[in-house]
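Start at 1 and go down the list; that is how both ligands and their atoms are numbered. What you see below is based on every heavy atom in this structure, not just the backbone, and it leaves out hydrogens, waters and symmetry mates.
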Amino acid sequence: MKYEHLRQQDPAVWEIIEREEKRQNDELELIASENYVSPAVLETLATVLTNKYSEGYIGRRYYGGNNNIDEIENLAITRAKKLFAAEHVNVQPLSGSPANAAVYLAFLNPGDKVLGLKLDHGGHLSHGHKINFSGRLYNFVQYGLNPETGMIDMEEVRRIALAERPKMIVAGFSAYSREIDWQKFKEIADEIGAYTFADIAHIAGLIAAKQLKNPVPIFDVVSTTTHKTLRGPRGAIIMCKEKYAKQVDRAVFPGMQGGPHDHITAAKAVTFGEALTPEFIEYAKQTILNAQAMAAEFIARGYKIISGGTDNHLMVIDLSNKDLAGKEAEKILEMIGISVSRSTIPNDPNPPLNPSGIRIGTAAATTRGMKEAEMKLIVEYIDEAFNNRDQEEKLVLLKQAVKELCGKFPIPTK
Ligand SMILES: *Cc1c(COP(=O)(O)O)cnc(C)c1O
């Protein structure tokens with residue numbers, strides 16, 4: 001049996017993990033930041049590499065016995081460089097937020113001015129939210145999406161950049177569904193001599209598969225998580241121009257972190273290996289086709305999608321014309337076995353804990369092998385659940401339908 005030692009020794013923990021595994025199998029994951037790693041990545045995470053301490057970098061560790069770890073880290077770096085056409089890669093960041101903290105530490109002093117996207121327009125906490133370290137340590141100024149189009153207005157970005165003259169411009173998004181004009185960001189930054197920082201946490205897999213434009217050759221520094229569309233372990237990497245390699249490495253260690261998590265570094269290497277295959281390119285293409293099919297079906301059923309559609313794996317739906325808010329929508333869908341996340345919409349009149357929209361993504365469903373036909377069906381289930389939110393029997397039937405659909409598309413085990 002699976003996890004036999006754990007079951008014998010600590011049945012309480014084992015039983016919860018079993019239940020979670022069943023939940024993941026039986027339910028539909030539409031949270032835009034989630035995915036299912038391959039069995040090879042999962043195996044790598046449970047290896048003896050977790051036992052090792054290896055503070056420092058390849059050939060320059062503060063602990064002995066790191067020859068194998070050096071080789072692992074080198075593999076991860078070499079593959080990431082190839083995948084993103086990067087000059088320099090640091091594969092040690094523990095997750096997206098710590099990676100961003102290291103980027104700021106490498107390029108800024110406390111109090112420096114940074115320009116980023118407003119959180120309620122699709123930015124991330126680590127891009128200057130006032131309760132986040134980024135907003136407390138640095139002086140963030142923000143741009144918003146164009147209220148008419150729901151898209152980034154590059155003229156507005158330029159206007160604010162010229163007026164505010166930030167030391168760094170951050171282009172990075174957690175809930176933005178359109179292609180980003182990296183080149184234009186770079187031109188604006190060059191006008192004022194600002195650093196360019198792209199946070200591609202959500203779209204890294206789509207960029208690696210060359211389905212979206214790559215900022216790495218254009219920007220000074222780029223961070224990404226490895227666990228979203230890139231479909232790897234929880235973690236992050238930082239890529240930069242060779243001339244910034246030293247300051248970025250020093251910011252990660254010893255600036256921000258202690259020992260790297262070597263089992264995760266190995267899983268990153270396996271992930272980058274997978275992302276270099278033709279199968280991954282097909283996966284990325286299908287992920288986008290699925291999101292577009294889903295957006296079209298929502299629109300056909302009278303839903304409002306911010307910006308009117310999507311170029312990537314996600315969409316934000318404004319539910320204000322459906323007499324429904326994000327929190328309630330999230331709860332109704334949970335009742336039928338579908339996970340989504342509530343989301344603010346640009347200039348949201350409602351508070352962040354109960355915003356006006358939901359964010360939906362197709363990265364995980366596509367990993368299960370679902371295609372456009374299933375996306376249409378899923379939207380039908382969602383719409384029916386919203387329309388019959390008070391009819392318990394109907395919701396039970398929908399939950400059964402979702403479970404049956406998931407049964408036809410099991411999470412890949414090979
Ligand atoms: C998810 C995300 C992060 C944070 O990643 P964690 O691993 O959760 O810390 C940072 N930036 C963006 C744009 C994200 O979407």
Closer than 4.0 Å to some heavy atom of [X] - which atoms of ligand 1 meet that?
X	value
F173	13 (C)
S174	12 (C), 13 (C), 14 (C), 15 (O)
H202	15 (O)
T225	5 (O), 7 (O)
S97	4 (C), 5 (O), 6 (P), 9 (O)
K228	1 (C), 2 (C), 3 (C), 14 (C), 15 (O)

Does this structure show an ion pair linking [X] with [Y], if we count only N-O contacts that are shorter than 4.0 Å?
X	Y	result
R19	E15	yes
K327	E330	no
K52	D262	no
E334	K331	no
E55	R61	no

- Heteroatom distance test (P98, ligand 1): nitrogen or oxygen, under 3.5 angstrom: no
- Tell me, please: is H227 in heavy-atom contact with ligand 1, that is, under 4.0 Å? yes
- Mind checking whether Y138 and Y104 have parallel, tilted or perpendicular rings, split at 30° and 60°?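 The rings of Y138 and Y104 sit tilted, inter-plane angle from 30° to 60°.
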Among all protein non-hydrogen atoms, which one is nearest to [atom], and what is the separation to 0.1 Å?
atom	result
atom 7 (O) of ligand 1	S95 OG, 2.5 Å
atom 12 (C) of ligand 1	D199 OD2, 3.3 Å
atom 3 (C) of ligand 1	H124 NE2, 3.2 Å

- Under 4.0 Å, heavy atoms only, figure out whether ligand 1 is touched by the backbone of A201, its side chain, both or neither.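 A201 to ligand 1: side-chain contact only, backbone stays beyond 4.0 Å.
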- Query: Within a radius of less than 6.0 Å around CD of E148, do more than 12 heavy atoms belonging to other residues, nucleotides or ligands occur?
  - Reply: no
- Message: Hydrogens and angles aside, do H202 and N312 bring a side-chain donor and acceptor to less than 3.5 Å of each other?
- Response: no
